[in-house]
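Before any comments, here is the structure.
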Amino acid sequence: MMSEAEMRQRQGETVNVRFLPAGDRGLVVEFGNEVSPAINVQVRALDAALTAARIPGVVESVPTYRSLGIEYDSSAISSEALQARVGEALANLDAGVLPPPKRVHIPTVYGGAYGPDLPFVAEHAGLTEAEVIGLHARTVYYVYMIGFAAGFAYLGGLPERLHTPRLPSPRIRVPKGSVGIGGNQTGAYPAETPGGWRLIGRTYLDLFDPSQEIPTPMVPGDEVEFIPISEAEYLAAMGEPRAPSHEAKATG
Amino acid sequence: MSELHQVGSRLGFEVLRPGFLTTVQDRGRAGYQRFGVPVSGAVDQIALRVGSVLVGNPQAAGALEIALQGPKLRLLEDAVLALTGAEFAATLDEEPVPWYESFAAHRGQVLDIQGVLRGLRAYLSVAGGIDVPVILRSRSTCLVAHFGGFHGRALQPGDMLPIGRPARALEGLTGWAAPEKWRWNDGSPVMLRVVWGPQDDAFTEEGRGTFLESTYQVTPHADRMGCRLDGPRIAHRLSADILSDWIPPGGIQVPGDGRPIILLVDRQTTGGYAKIATVIGPDISLVAQARPGDALRFQAIGLTEAQGAVRNLEAGMAELPAHLIDTSAWGGPAAMGEVPGAVRTLFEKPAGESANANTP
């Protein structure tokens, strides 16, 4: 087995990555150790390049904050051959191949029974509930990755004022569609699960739909905006679940 | 919902008793981890694939995964069945059924798979496969997101399971047995081969030593998501926490309490605990059969050796269905005497008293 240093050397000087073996079926290409759009763009660019290359033996790739997980069948491609192909892709890494981000709107009814922790978040921030809603809803969030559960998007960009510690002990049941804040993160639960975030609202949007080949409304790189709606709108929509509204946004 | 049934699908089983956790599974759902979708599929992939081959199915066919306490099923059609993996007490109309050998079952008969005797998970394969809809390219049940398999859940009393049309006449499919090398065999402690990483550098030298030199026990917290172990604490260098990244199959994460968790098919696609090492693919089948209280040990091997083990496994697996197809052309078991030696070693008919569920 090659050491990381050898693998780094093999990779060359152009892009500073670490190749981490992850068993016989996994290779992790790590670009750094921080949450930043600049690093995440590199992860996504490599993901796009490998997906387009359709390398025989590569089963799938999984983009995360700062690394790309690659699952492969080593009886079809050796780890050396795979690393060579990844090295080529890294040498020609081009964020220009990434599609323009979609802007995904998440209609959200804030507060009340839908967001039982809104008063706590407001008190913690030293704001009124209306100010919390305004701040949360007028921010555009960046989708770093999907993980934890089917359709759960890790979002970046929560204003510092809204950073709120998690619940001391998680709820056993967080209702599907709940919108919450945990530490410096915000997001929406695609299904009922246990969860430790402070719940401030709820959406009727289906965040995971296995009948679609692309089963989530947003993918890494997309932008998310929470749109405040009334309880009446929420209830009306729950009568007839809707597809998410997308707005293609041209990149500058 | 896109529902792709095979042509000629029909109801094959009525569930009289569902068992502890009986689900439809196949090779798993590749390609959707990027959307947070767990891979799912059979935890013991080797047992699933051998079972499929025994009844003449492609290795990716849907089968029933059975854990701890089995189901009681009424046959609604004549069928050819095979049981692989963990050994359970099982009867067909009160008569014991064989393990790792295909057998005929007739419409109206009752297959009663009772308690587990050795191991944890068994697979019931049926010629033609369990024909639930293909969702996101797989028939596997995704229990955590409630889709796939049979209505996204474990079987319940009264469920009627569709089966596909077998590729060949049933008569030629019965009486085939898997050779010894493809059968699960327990040993204690179970030795698992691992490759270091992806985050072995998050642990102290001493922590890595503890991991290799200790014997760990399977705790009751062992399910399709992961197998939580108890034993000596593995020391982190600074912290157990990492920025959430991809969890490979067989990844061994070590949370702050220092006790390892081996992650299995229903694992989250990403996670925030450092992973000291990764169990190699062929040995995940051993984890699949480990029960609470069983002892496990880890042996670190190089990537080249790990991938050599995978190539050996795949080469052997690739031969299994090819030989089955060849032999059916000669009329099946009745013609076994005329089958060339290479095929005989792959599909030996058990000698003498074979119809005993307790015989490995």
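Protein chains get the first letters and strands the later ones, always in sequence-line order, with residue 1 at the start of each.
Around CZ of A/Phe208, the count of heavy atoms belonging to other residues, nucleotides or ligands within 6.0 Å exceeds 12. In the displayed structure, A/Glu160 atom CD is contacted under 6.0 Å by at most 12 heavy atoms of other residues, nucleotides or ligands.
Highest contact tally toward chain B, considering only A/Gly147, A/Ser67, A/Ala22, A/Ser78, is held by A/Ala22 [criterion: heavy-atom pairs under 4.5 Å]. Options B/Ala309, B/Ala30, B/Ala277, B/Cys142 differ in how many heavy-atom pairs under 4.5 Å they form with chain A, and the most are formed by B/Ala30. Top candidate by heavy-atom pairs under 4.5 Å with chain A, chosen from B/Gly272, B/Ser244, B/Gly271, is B/Ser244. Comparing A/Glu192, A/Met145, A/Glu213, A/Glu60 by heavy-atom pairs within less than 4.5 Å of chain B, the highest count is held by A/Glu60.
Using a distance-only test at 3.5 Å, with no hydrogens or angles considered, a donor-acceptor pair links the side chain of A/Arg66 to the main chain of B/Leu243. At least one donor-acceptor pair closer than 3.5 Å links the side chain of A/Asp24 to the backbone N or O of B/Gly281. Remark: the backbone N or O of B/Arg311 is not paired with any side-chain donor or acceptor of A/Ser75 at under 3.5 angstrom.
Heavy atoms only, all atoms of each residue included: A/Thr64 and B/Trp246 are closest at CG2-N, 3.6 Å. What you find for B/Leu303 and A/Pro21 is that their closest heavy atoms are CD2-CB, 4.4 Å.
If you measure heavy-atom distances from B/Glu314 to chain A, the contacts under 4.5 Å come from the side chain alone. Neither the backbone nor the side chain of A/Thr193 comes within contact range of chain B; no heavy atoms are under 4.5 Å apart. Looking at A/Asp47, the atoms closer than 4.5 Å to chain B (heavy atoms on both sides) all sit in the side chain, from C-beta outward. Within the 4.5 angstrom heavy-atom criterion, no atom of A/Leu68 approaches chain B. Neither the backbone nor the side chain of A/Ala191 comes within contact range of chain B, judged by heavy atoms closer than 4.5 Å. Residue contact with chain A, scored on non-hydrogen atoms closer than 4.5 Å, is absent for B/Arg193. Interface remark: A/Val219 contributes side-chain atoms only to the contact with chain B (heavy atom separation under 4.5 Å).
Considering A/Tyr65, A/Phe152, A/Tyr154 in turn, A/Tyr154 is the only one that fulfils the side-chain contact (heavy atoms from CB on, under 4.5 Å) rule with B/Thr270.
Taken to the nearest 0.5 Å, the CD atom of A/Glu30 stands 7.0 Å off from the CD atom of B/Gln199. Note that CD1 of B/Ile284 is 8.5 Å distant from CZ of A/Arg25, once rounded to the nearest 0.5 Å. With rounding to the nearest 0.5 angstrom, the CD atom of A/Gln212 is 9.5 Å from the CG atom of B/Leu136.
Along residues 31-41 of chain B, the residues that come nearer than 4.5 angstrom to chain A, judged on non-hydrogen atoms, are B/Gly31, B/Tyr32, B/Gln33, B/Arg34, B/Phe35, B/Gly36, B/Val37 in order of number.
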For this session: Take B/Lys275 and A/Leu20 through the side chain to side chain contact (heavy atoms under 4.5 Å, CB included) test and state the conclusion after the steps.
Result: CA-CA 11 Å; B/Lys275 296 167 287 291; A/Leu20 309 177; over 6 Å; no
